[in-house]
Undergrad: 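This is the structure I have questions about; it appears just below.
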Protein chains: 2
Amino acid sequence: MPSVTIHDVAERAGVSIKTVSRVLNKEPNVKPETRDRVLAAAEALRYRPSVSARSLAGSRSYLIALFYDNPSPAYVSDVQRGVVTTCRETGYHLVVEPFDSAGADAADLVRATIATLRPDGVILTPPVCDRRQILDAVDETRAPYVRIAPDGLIDRAPYVWMDDKQAAYEMTGHLLKLGHRDIGFIMGHPEHGAGHLRFEGFAQAMQDQGCPVRPERVKQGYFSFRSGFDCAEELLAPKDRPTAIFASNDDMALGVLAVAHRHGLTVPTDLSVAGFDDTPAASTVSPQLTTVRQPILEMAQAAAEMLIAGECELQPGEKPPSRLLPFDIILRESTAPPRG
Amino acid sequence: MPSVTIHDVAERAGVSIKTVSRVLNKEPNVKPETRDRVLAAAEALRYRPSVSARSLAGSRSYLIALFYDNPSPAYVSDVQRGVVTTCRETGYHLVVEPFDSAGADAADLVRATIATLRPDGVILTPPVCDRRQILDAVDETRAPYVRIAPDGLIDRAPYVWMDDKQAAYEMTGHLLKLGHRDIGFIMGHPEHGAGHLRFEGFAQAMQDQGCPVRPERVKQGYFSFRSGFDCAEELLAPKDRPTAIFASNDDMALGVLAVAHRHGLTVPTDLSVAGFDDTPAASTVSPQLTTVRQPILEMAQAAAEMLIAGECELQPGEKPPSRLLPFDIILRESTAPPRG
DNA sequence: CTTCAGCTTGACAGCGCTGTCAACGCCCAT
DNA sequence: ATGGGCGTTGACAGCGCTGTCAAGCTGAAG
């Protein structure tokens, strides 16, 4: 391969390869003039250090590994873009490992991948970041890792997150401020922690405004369009129905929209609907959905930053760091004051 | 790091590291008994060769790089899963590089990434695989690469594809067989080649059945929901309207559905609608969309196979290989015989 | 003018593996 | 018996870089 090596740069700059290495790694104690010569030579030769050589010789691999298991493609896509954005600034690269995190050999795959790649950091998204077996496997390799939006196990390892409860609180507040008093809520999958937090936020907001949360107004969904549809059917069929419905995610909110439509209810005039996640569909449907935007990209960026900065190489007993990122309440067409 | 090296395995098996290397790389001329001893030792030690060391010492990096620029998340997700599936069987890993392929520094990014990573293969998806600048950049690095569903430049480099024209031909045939004679067509983005091919397939099918393609029935869309919506508006507003509409992709077909709905038309009774791509939304909406499923995952798998098998390391003048994969026509609820 | 700290630089030894090449032993043909 | 071919194995030299360590130099302090 006709590739240019550090040697070529050293020769052209009239210094030793070690000095080139110093300059490229921004090590201190290099005379500015020397630095400039080296930089010029590297530039002229379009020199790019080999990741393999660096990782073999040094203590960094310039690789971040992302393990994920089938969250929505849009979610994964955002995560990847976020991570890569950060990586670009620092010469890092992202290796992706989609896999079945519930499979029998999931932990082995994680161990094997980390062992061969020796990434400087590992990123885990839900639901991978909530599986003990996987966390154990990663721990075993001693590779630094961050979890994105983990559901509990807060003290165990570093993570980045957004405040689901607060977001649900504020969204409910929005509905309340609009004048709604009778609000239906569709819960998320019982095994998914965020679902629970969102309900808590809802309940808290209602309580703070002196609005009772009527049990028959709260339905158990599963984050799917279908479950949203079914819950909405139960909520909207009776004569006595809520003036607004807050679904724990957009897919279910879409189900609510469908049911409202079937029942001849106009959204938002007859019924306000709020979702959560700001999925692409949320702004495609008509009326466009009022929802909560999760800072997915930002969380991913933050995760990569923490890893690359070395913030996740913990001493035993050290408290794992974490970062909280702000969400956005996206007001669109599906919410309005109640009729009358 | 307390990681086990090839040395440890060699010691445990009582052979030289070279022999371990032979066994792991499935080189010939190793006594079966020796092979077994080595394998047992490697197994016992849970040995995993270091990708960096292998790539530095040998001629393979065990890395595949995927460059992509914002096709839909679902598309990218499928591509990645396909590639990774193949990678897993052979100890390869996938590095992803989302980027702005139209940016001024796009080619540089490609060059730099390939130079530092030295991947054994590069995969390019639309629209990246259609940009001359990018192809030139990859060529320059002499890294083997495959394009997924490229739009032309057929002789230039290896690729995998599906027959868009034939698929559109067959889908149109389906509509025709149902009894439709007056079919509207919504074209894709003019700069996206698949769009053109799909139109050709449509036109060909119409012609073969002696159905004239009326110019006012063909609208220029841009693959977006919005553009589909607008085109459908033009198609459906007049009294004289087609009995079926074939949109070049699902997003636009969804737009058609929305317009039909606004106009009080029932799909498929009053209007048949066909899409292309089989996006997730296609089976979520009501009525579910009749569409064409692209073998995205399979194309990605094939691409990785070609790369790993070395089929893409071409001699100058050698004809680039390609693989054609079969699509599926997915018949769902949105198409039916025309009224009366 | 000497001393020593501190800045700047380079020599050198690997990192963990593969490619090359040579050595060894075996079996068959002569 | 002898030579040649080939299956099997290991020694060894790097791959392109970083970490270590020491040398050379400078300038300030004594």
Side-chain angles (χ1 to χ4, degrees), chain A residues 1-39 41-42 45-63 91-93 114-120, chain B residues 1-39 41-42 45-63 91 93 112 114-120:
Chain A
M1 227 175 326
S3 71
V4 17
T5 73
I6 196 173
H7 211 98
D8 305 321
V9 179
E11 209 159 79
R12 188 179 230 268
V15 298
S16 72
I17 58 171
K18 178 61 212 185
T19 296
V20 177
S21 171
R22 281 199 184 87
V23 173
L24 269 37
N25 291 293
K26 305 194 200 311
E27 285 177 32
N29 301 335
V30 177
K31 220 200 301 184
E33 180 206 312
T34 310
R35 171 185 310 282
D36 293 345
R37 273 221 315 287
V38 170
L39 254 17
L45 263 22
R46 288 167 162 277
Y47 167 69
R48 307 292 169 187
S50 147
V51 165
S52 329
R54 301 229 276 186
S55 102
L56 186 54
S59 54
R60 313 169 62 170
S61 66
Y62 294 90
L63 255 29
Y92 270 75
H93 291 273
I114 297 180
T116 47
L117 249 25
R118 279 151 220 295
D120 292 340
Chain B
M1 225 176 330
S3 71
V4 16
T5 75
I6 195 173
H7 212 98
D8 305 321
V9 179
E11 208 160 81
R12 189 179 229 266
V15 298
S16 74
I17 60 170
K18 179 61 212 185
T19 297
V20 176
S21 172
R22 281 199 184 87
V23 173
L24 268 38
N25 290 295
K26 304 195 202 310
E27 286 177 33
N29 301 335
V30 177
K31 221 199 302 185
E33 180 205 311
T34 310
R35 171 185 309 283
D36 293 345
R37 272 220 317 287
V38 170
L39 254 18
L45 262 24
R46 286 167 162 280
Y47 168 68
R48 308 290 170 189
S50 147
V51 166
S52 331
R54 302 228 275 186
S55 100
L56 184 55
S59 54
R60 313 168 62 170
S61 66
Y62 294 90
L63 254 30
H93 291 273
I114 296 180
T116 45
L117 248 25
R118 279 150 220 294
D120 292 340

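Just so you know, these numbers come straight off a predicted model, no measurement behind them. In what follows, chains carry the letters A, B, and so on, assigned in the order in which the sequence lines appear, proteins first and then strands, with residues in each chain numbered from 1.
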Undergrad: Just do the side-chain contact (heavy atoms from CB on, under 4.5 Å) check on B:Leu117 and B:Ser61 with the steps written out, would you?
TA: CA-CA 8 Å; B:Leu117 248 25; B:Ser61 66; over 6 Å; no
Undergrad: Give me the bend of the helix from C:dC1-D:dG30 to C:dT30-D:dA1, using the axes of the five pairs at each end, rounded to 10°.
TA: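 About 50° separates the two local helix axes.
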Undergrad: Rounded off to whole Å, could you give me the CG-to-C1' distance for the B:Asp120 and D:dC15 pair?
TA: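 Rounding to the nearest Å, CG of B:Asp120 and C1' of D:dC15 are 15 Å apart.
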Undergrad: Only counting residues at least two apart or in another chain, list the ones meeting side chain to side chain contact (heavy atoms under 4.5 Å, CB included) with B:Ala53.
TA: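 Listed in chain order: A:Leu56, B:Ser50.
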Undergrad: From CD of A:Glu27 over to P of D:dG19, roughly how many Å is that when rounded to an integer?
TA: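 Rounding to the nearest Å, CD of A:Glu27 and P of D:dG19 are 7 Å apart.
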Undergrad: Can you name the side chain to side chain contact (heavy atoms under 4.5 Å, CB included) partners of B:Thr116, sequence neighbours left out?
TA: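 B:Thr116 satisfies side chain to side chain contact (heavy atoms under 4.5 Å, CB included) with A:Arg48, A:Pro49, A:Val51, A:His93 only.
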Undergrad: Checking B:Asp36 now: which residues fulfil side chain to side chain contact (heavy atoms under 4.5 Å, CB included) with it, not counting sequence neighbours?
TA: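 Result, side chain to side chain contact (heavy atoms under 4.5 Å, CB included) vs B:Asp36: none returned.
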Undergrad: Can you list, by residue number, the residues of residues 30-39 of chain B that have a non-hydrogen atom closer than 4.0 angstrom to DNA chain C?
TA: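 Contacting residues: none.
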Undergrad: Residues in side chain to side chain contact (heavy atoms under 4.5 Å, CB included) with B:Arg22, at least two apart?
TA: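 B:Arg22 satisfies side chain to side chain contact (heavy atoms under 4.5 Å, CB included) with B:Lys18, B:Thr19, B:Glu27, B:Val30 once adjacent residues are dropped.
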Undergrad: On the nucleotide C:dG6, are OP1 or OP2 found under 4.0 Å from the side-chain N or O atoms that A:Asn29 carries?
TA: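 Checking C:dG6 against A:Asn29, no side-chain N or O comes under 4.0 Å of OP1 or OP2.
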Undergrad: Taking atom OG of B:Ser16 and atom CD of B:Glu11, what is their separation to the nearest 0.5 Å?
TA: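 So the OG of B:Ser16 and the CD of B:Glu11 are separated by 12.5 Å.
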Undergrad: Below 4.0 angstrom, which residues in residues 45-59 of chain A have at least one non-hydrogen atom near DNA chain C?
TA: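 Only A:Leu56, A:Ala57 qualify.
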Undergrad: In whole angstrom, what separates B:Ile6's CD1 from D:dG10's C1'?
TA: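 Between C1' of D:dG10 and CD1 of B:Ile6: 13 Å.
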Undergrad: Would a 4.5 Å heavy-atom cut-off, applied to side chains only, mark B:Arg54 and B:Asn25 as touching?
TA: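 The answer is yes; the side chains approach within 4.5 Å.
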Undergrad: Which atom names give the shortest non-hydrogen contact between A:Ser55 and B:Ser52, and what distance separates them?
TA: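 Smallest interatomic distance, heavy atoms only, reads OG-OG, 2.6 Å.
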Undergrad: What is the distance, rounded to the nearest whole Å, between atom NE2 of B:His7 and atom C1' of C:dC17?
TA: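 Going from B:His7 (NE2) to C:dC17 (C1'), I get 12 Å.
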Undergrad: Which heavy-atom pair separates B:Ala13 from B:Val38 by the least distance, and what is that distance?
TA: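 So the minimum-distance heavy-atom pair works out to CB-CA, 3.9 Å.
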Undergrad: What is the distance from CG of A:Asp8 to C1' of D:dC15, rounded to the nearest Å?
TA: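 Computing the A:Asp8:CG to D:dC15:C1' distance gives 14 Å.
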Undergrad: Determine whether B:Val23 and B:Thr34 make a side-chain contact, defined as any pair of heavy atoms from C-beta on separated by less than 4.5 Å.
TA: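 Side chain of B:Val23 against side chain of B:Thr34, heavy atoms only: no contact under 4.5 Å found.
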Undergrad: So, using ring pair (Phe, Tyr, Trp, His ring centres under 6.0 Å) as the criterion, who are the partners of B:Tyr62 when residues are at least two apart?
TA: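 Partners of B:Tyr62 by the ring pair (Phe, Tyr, Trp, His ring centres under 6.0 Å) criterion, ordered by chain and then number, come out as B:Tyr92.
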Undergrad: Which of residues 16-23 of chain A have a heavy atom under 4.0 Å from DNA chain C?
TA: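 Contacting residues: A:Ser16, A:Lys18, A:Thr19, A:Arg22.
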Undergrad: Run the salt bridge (Lys or Arg N to Asp or Glu O under 4.0 Å) test against B:Arg35 and tell me which residues pass, sequence neighbours left out.
TA: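 So B:Arg35 forms no salt bridge (Lys or Arg N to Asp or Glu O under 4.0 Å) with any residue.
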Undergrad: Residues two or more places apart in sequence or in another chain: which of them pass salt bridge (Lys or Arg N to Asp or Glu O under 4.0 Å) with B:Arg12?
TA: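 Salt bridge (Lys or Arg N to Asp or Glu O under 4.0 Å) list for B:Arg12, sorted by chain: empty.
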Undergrad: Round to a whole Å and report the spacing from CZ of B:Arg60 to P of C:dT18.
TA: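 Roughly 10 Å, once rounded to whole Å.
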